[in-house]
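To keep things clear, I will list the structure first and then write my remarks on it.
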Amino acid sequence: MALCKGKQHQAILQVVMLLPCVRMSNESNPVYPGWNDWTRATGTQEDINTEEHVDAADQEVILWDRKIPEDILKEIATPKEVPAESVTVWIDPLDATQEYTEDLRKYVTTMVCVAVNGKPVLGVIHKPFSEYTAWAMVDGGSNVKARTSYNEKTPRIVVSRSHSGMVKQVALQTFGNQTTIIPAGGAGYKVLALLDVPDKSQEKADLYIHVTYIKKWDICAGNAILKALGGHMTTLSGEEISYTGSDGIEGGLLASIRMNHQALVRKLPDLEKTGHK
Ligand SMILES: Nc1ncnc2c1ncn2[C@@H]1O[C@H](COP(=O)(O)O)[C@@H](OP(=O)(O)O)[C@H]1O
Ligand SMILES: [Mg+2]
């Protein structure tokens with residue numbers, strides 16, 4: 001089956017391999033050109049949200065033989081059946097676009113996320129240039145884990161280098177001047193910074209904070225992975241993010257793992273009141 005174009009779409013291939021683990025109970029949905037069986041399994045066109053702009057000249061295709069690799073199968077204990085109409089798929093075919101244009105390739109990821117009833121359940125973050133892939137499924141399996149320790153008092157905080165807003169001021173005001181700020185590109189890269197990732201080019205951080213508007217395809221996969229591993233990604237006021245409806249969120253982002261997330265939320269200033277948005 002012709003599935004998608006280009007090597008950078010390995011993450012999409014990964015999620016297709018995982019999709020049978022979130023089984024659909026409705027097999028009679030429309031088929032879209034170029035997406036064939038995957039789309040039949042995932043619902044109507046509105047349910048696939050992607051940033052991709054397809055170049056008609058690019059004829060390269062990746063073939064999928066419908067076999068789920070053993071290393072993934074052995075991690076998924078119990079597949080769950082869900083109605084197709086409850087599923088939304090978010091795809092970011094190139095995260096850290098700005099950094100890619102600056103040839104800062106270590107920040108670039110491709111991401112796919114499956115949400116069920118707006119809740120992120122399956123996330124894949126792939127680094128096309130180092131060929132590292134992290135995936136995790138809520139109440140399923142994963143190939144990545146949290147680190148053993150995190151610094152909650154004076155955390156190293158990974159933040160945007162190109163859409164920073166007032167994030168540095170917010171971080172220093174909340175955690176003090178001893179806090180290390182790590183500017184980095186890409187939401188996928190920044191979530192991986194919180195995890196135990198063997199990739200040599202990956203920096204490590206204790207928290208990820210973002211204060212400006214951000215799109216759901218940038219954050220859904222990271223949210224699913226963090227959630228699957230016991231971590232959290234919420235708005236800065238601690239609200240869970242719903243992955244249906246609108247394309248983006250306004251309330252900023254706080255991502256943590258193995259920390260008291262609600263205590264961190266209470267520490268953060270109210271951005272509306274402080275004018276730090
Ligand atoms: N204020 C904003 N408006 C729109 N997109 C934003 C944004 N802030 C961050 N993003 C998007 O979120 C991703 C991570 O941003 P950053 O690297 O600044 O942390 C990038 O995705 P893309 O590279 O896929 O466009 C970026 O464009
Ligand atoms: Mg992106």
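Side chains included, hydrogens not; waters and symmetry mates left out as well; all remaining heavy atoms used. When a ligand or atom number is given, it counts from 1 through the structure's own listing order.
Every atom of ligand 1 is numbered from 1 in the order shown, and the set under 4.0 Å from a heavy atom of S160 is 16 (P), 18 (O), 19 (O). When each atom of ligand 1 is checked for a heavy atom of H210 under 4.0 Å away, the hits are 8 (N), 9 (C). Near S162, meaning under 4.0 Å from one of its heavy atoms, ligand 1 places the atoms 18 (O). The T97 neighbourhood of ligand 1 comprises atoms 22 (P), 23 (O), 24 (O), 25 (O), with distances under 4.0 Å to a heavy atom of that residue. The K190 neighbourhood of ligand 1 comprises atoms 16 (P), 17 (O), 19 (O), with distances under 4.0 Å to a heavy atom of that residue. Applying the 4.0 Å criterion to heavy atoms of D95 picks out, from ligand 1, the atoms 13 (C), 20 (C), 21 (O), 22 (P), 23 (O), 24 (O). Numbered from 1 in the order shown, with element, the atoms of ligand 1 that lie under 4.0 Å from a heavy atom of A96 read 22 (P), 23 (O). Atoms of ligand 1 found under 4.0 Å from any heavy atom of T212, numbered from 1 in the order shown, are 1 (N), 2 (C), 7 (C), 8 (N).
Contact annotation: for D92 versus ligand 1, heavy atoms closer than 4.0 Å belong to the side chain alone. When heavy-atom distances to ligand 1 are checked against a 4.0 Å cut-off, R161 has no atom that comes that close, whether in backbone or side chain.
Between Y100 and F129, the ring planes lie parallel to each other; the angle is under 30°, not in the 30° to 60° tilted range. By the 30° and 60° cut-offs, the orientation of the rings of H163 relative to H210 is tilted.
Taking a cutoff of 4.0 Å between a charged side-chain nitrogen and a carboxylate oxygen, D206 and R156 qualify as a salt bridge. We find that E203 and K106 are joined by a salt bridge, their nearest charged nitrogen and carboxylate oxygen being less than 4.0 Å apart.
Note on I209: it does not cluster hydrophobically with Y107, by side-chain heavy-atom contacts below 4.5 Å among ILVMFWY residues.
Vertex the Mg ion (ligand 2), arms ending at OD2 of D92 and OD1 of D95: the angle is 110° after rounding to 10 degrees.
Looking at A187 next to ligand 1, no N or O pair under 3.5 Å apart turns up. Any N or O atom pair closer than 3.5 Å counts here, and I214 shares no such pair with ligand 1. No N or O atom of G185 sits closer than 3.5 Å to an N or O atom of ligand 1.
Checked by atom type and distance alone, the side chain of N117 never pairs as donor or acceptor with a backbone atom of K119 at under 3.5 Å.
In the model, S256 has no side-chain atom that pairs as donor or acceptor with a side-chain atom of H232 under 3.5 Å.
Closest N/O/S atom of D218 to the Mg ion (ligand 2): OD1.
Using a 4.5 Å cut-off on side-chain heavy atoms (C-beta onward), K216 and D247 make no contact.
If you check each of L253, D218, V159 against atom 12 (O) of ligand 1, the one with the closest non-hydrogen atom is D218.
Heavy atoms of other residues, nucleotides or ligands lying less than 6.0 angstrom from CG of D139 number 12 at most. Around NZ of K168, the count of heavy atoms belonging to other residues, nucleotides or ligands within 6.0 Å does not exceed 12.
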